[in-house]
Every structure is written in structure tokens, then in C-alpha cells.
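Beneath this line is the structure, given in C-alpha cells, with notes to follow.
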Amino acid sequence: MRTTLLIEDQLLAELKRTAEASGKPLKQVVNEALQAGLQCLTRPEPIPYRLMPASLGQARPGIDLCKASDLADRLEDDALRQKIEQRR
């Protein structure tokens, strides 16, 4: 559709520079810029996610949190031992 728009001189100069740099016709650059602008208008502003930290307390005596893989192995062994004892 053909229409007449009044575009500020500075904005038109920027559109022309963009068109020249990209090798696209001015009409295409204007249409792409309008489409991108419309998408920004219809897309709601994202709400920043905030995480409220909570204390989990101190580690049990004898557990070194610096050795997490050892702790995970021990916990897994304990869980397997409990399952075996429940089957008996």
C-alpha cells in the first residue's frame, strides 16, 4: 500500500545509511524497522526474576561440604542400604 509519512530528517538519514550498509532498498529497511518497532510495542516488558535466599542451616557434624561428591556417594549408599533393609 502506498502512503505518505513525515519522517524526521535525522531518522531518514539513519535509515538511508542502514539501507546502504546492508545493501537493501530503503523501502525494505523502513518496513523491517516498523515491524521490529511494532513487535516491541506488543511484547510486554519482562519482569525481573528475584530469588529470595533461605538459610538451610549448618551441615551435620562430620560432613565436609567441600567434598560434595563424597557426600553424594554416602547419601546414595545410605539410601540403597535402607531399601535393602526394607525388603528383608
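Because only heavy atoms are used, hydrogens play no part in the values below, and waters and symmetry mates are left out as well, while side chains stay in.
- Distance check: L71 CG to R60 CZ gives 8.0 Å after rounding to the nearest 0.5 Å.
- Residues meeting the side chain to side chain donor-acceptor pair (under 3.5 Å) test with Q28, sequence neighbours left out: E32.
- Through ILVMFWY side-chain contacts below 4.5 Å, L80 is grouped with nothing and stands alone.
- The other residues sharing a hydrophobic cluster with L41 are L38, where clustering joins ILVMFWY side chains under 4.5 Å apart.
- I7 forms part of a hydrophobic cluster together with L5, L11, L12, L15, L26, V29, V30, L34, judged by ILVMFWY side-chain heavy-atom separations under 4.5 Å.
- Contacts of R81 classified as side chain to side chain contact (heavy atoms under 4.5 Å, CB included), with partners at least two apart in sequence or in another chain: D77, D78, E85.
- For the salt bridge (charged side-chain N to carboxylate O under 4.0 Å, His left out) condition, no pair includes a residue of residues 8-17, sequence neighbours left out.
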